[in-house]
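Reading through the structure tokens given below for one structure.
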Amino acid sequence: SSVLEKMYASLGVSAAAAKTAVMNGFALSLDVAHGFHPNKPEKADPTNENPLGKGVVIKRSGAQNYVTDSGAVASVMMLMENADIPYQKFASRSDVTQGGTLGAVASKYMPMRIVDMGVPVLAMHSSRELMAAADQAALEQVVKEFFWQ
């Protein structure tokens, strides 16, 4: 937030206007997501499997490990649907603890809408994560659409 404050100040934007701009902002917190592993189906929520090669994953959690809210999800879904970008939704299992993302940390200092998203991978945090090239291409397309809209 300090860097943004300095940037706005250098552009002659008042502190109040800068805070309003941040609060009206929207950010993508991009990372990887848990992909459905065919050898470990018990690790996935049975209603929210995220297979590789089926698109970008929007991450949601009942435990609020992610900052994604319904309004932000709707905005991103509309952007992806209008651009014909494949996507999936991830919801963590309620009986298993999940990690978080930097989106939650960023939201503490940057009060704006943020969506946690990523490409599904197998073997997260291992030395050999595996993902589908098509999902990376979809993520790149999302970022381009986000900044060009």
Side-chain angles (χ1 to χ4, degrees), residues 1-38 43-93 98-126 128-149:
S1 59
S2 298
V3 172
L4 265 181
E5 287 172 17
K6 287 185 174 217
M7 289 171 61
Y8 277 117
S10 72
L11 295 170
V13 177
S14 73
K19 287 184 193 281
T20 299
V22 169
M23 286 190 271
N24 290 331
F26 195 109
L28 300 178
S29 173
L30 304 175
D31 197 354
V32 295
H34 293 282
F36 176 75
H37 198 302
K43 296 287 187 181
D45 183 287
T47 63
N48 288 284
E49 296 175 354
N50 298 114
L52 276 59
K54 300 290 185 181
V56 178
V57 175
I58 300 170
K59 300 190 272 186
R60 303 163 298 147
S61 168
Q64 298 182 328
N65 296 357
Y66 307 123
V67 293
T68 308
D69 68 17
S70 59
V73 168
S75 297
V76 164
M77 284 174 52
M78 187 170 56
L79 179 136
M80 290 190 285
E81 287 173 7
N82 287 340
D84 201 29
I85 301 170
Y87 68 90
Q88 311 175 67
K89 294 181 191 172
F90 171 81
S92 58
R93 285 179 53 140
Q98 297 288 323
T101 65
L102 291 177
V105 175
S107 70
K108 178 179 178 183
Y109 301 102
M110 305 293 292
M112 64 174 61
R113 290 204 160 183
I114 302 175
V115 173
D116 279 309
M117 304 171 59
V119 294
V121 299
L122 298 184
M124 188 182 291
H125 303 298
S126 75
R128 295 183 188 243
E129 293 178 344
L130 177 70
M131 62 176 279
D135 294 332
Q136 179 63 35
L139 181 64
E140 290 173 20
Q141 198 177 354
V142 169
V143 172
K144 287 177 185 174
E145 287 293 322
F146 181 79
F147 284 107
W148 273 259
Q149 293 298 323

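In what follows, every heavy atom counts, from backbone to side chain, and hydrogens, waters and symmetry copies are set aside.
Legend: residues meeting side-chain contact (heavy atoms from CB on, under 4.5 Å) with A134, ordered by chain and number and at least two apart, are absent. Not counting sequence neighbours, the partners of L139 by the side-chain contact (heavy atoms from CB on, under 4.5 Å) test are L30, V56, V119, Q136. For S10, the side-chain contact (heavy atoms from CB on, under 4.5 Å) test picks out no residue, with sequence neighbours left out. By the side-chain contact (heavy atoms from CB on, under 4.5 Å) test, Q88 pairs with N50, P51, K54, V57, P120, sequence neighbours left out.
Of the possible polar contacts, one joining the K59 side chain to the V32 backbone as a donor-acceptor pair under 3.5 Å is found.
Residue D84 places its CG atom among 12 or fewer non-hydrogen atoms of other residues, nucleotides or ligands, all under 6.0 Å distant.
Closest of all the heavy-atom pairs between E145 and I85 is CG-CD1, 3.9 Å.
Sequence neighbours left out, the pairs with a member in residues 5-31 that pass ring-ring contact (aromatic ring centres under 6.0 Å, His included) are F26-F146.
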Got a list of side-chain donor-acceptor pairs under 3.5 Å for residues 73-82, not counting sequence neighbours?
from	atom 1	to	atom 2	distance (Å)
S75	OG	G71	O	3.2
E81	OE2	Y87	OH	2.4
N82	ND2	M78	O	3.3

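Considering only heavy atoms from C-beta on, D31 stays 4.5 Å or farther from D116 through its side chain.
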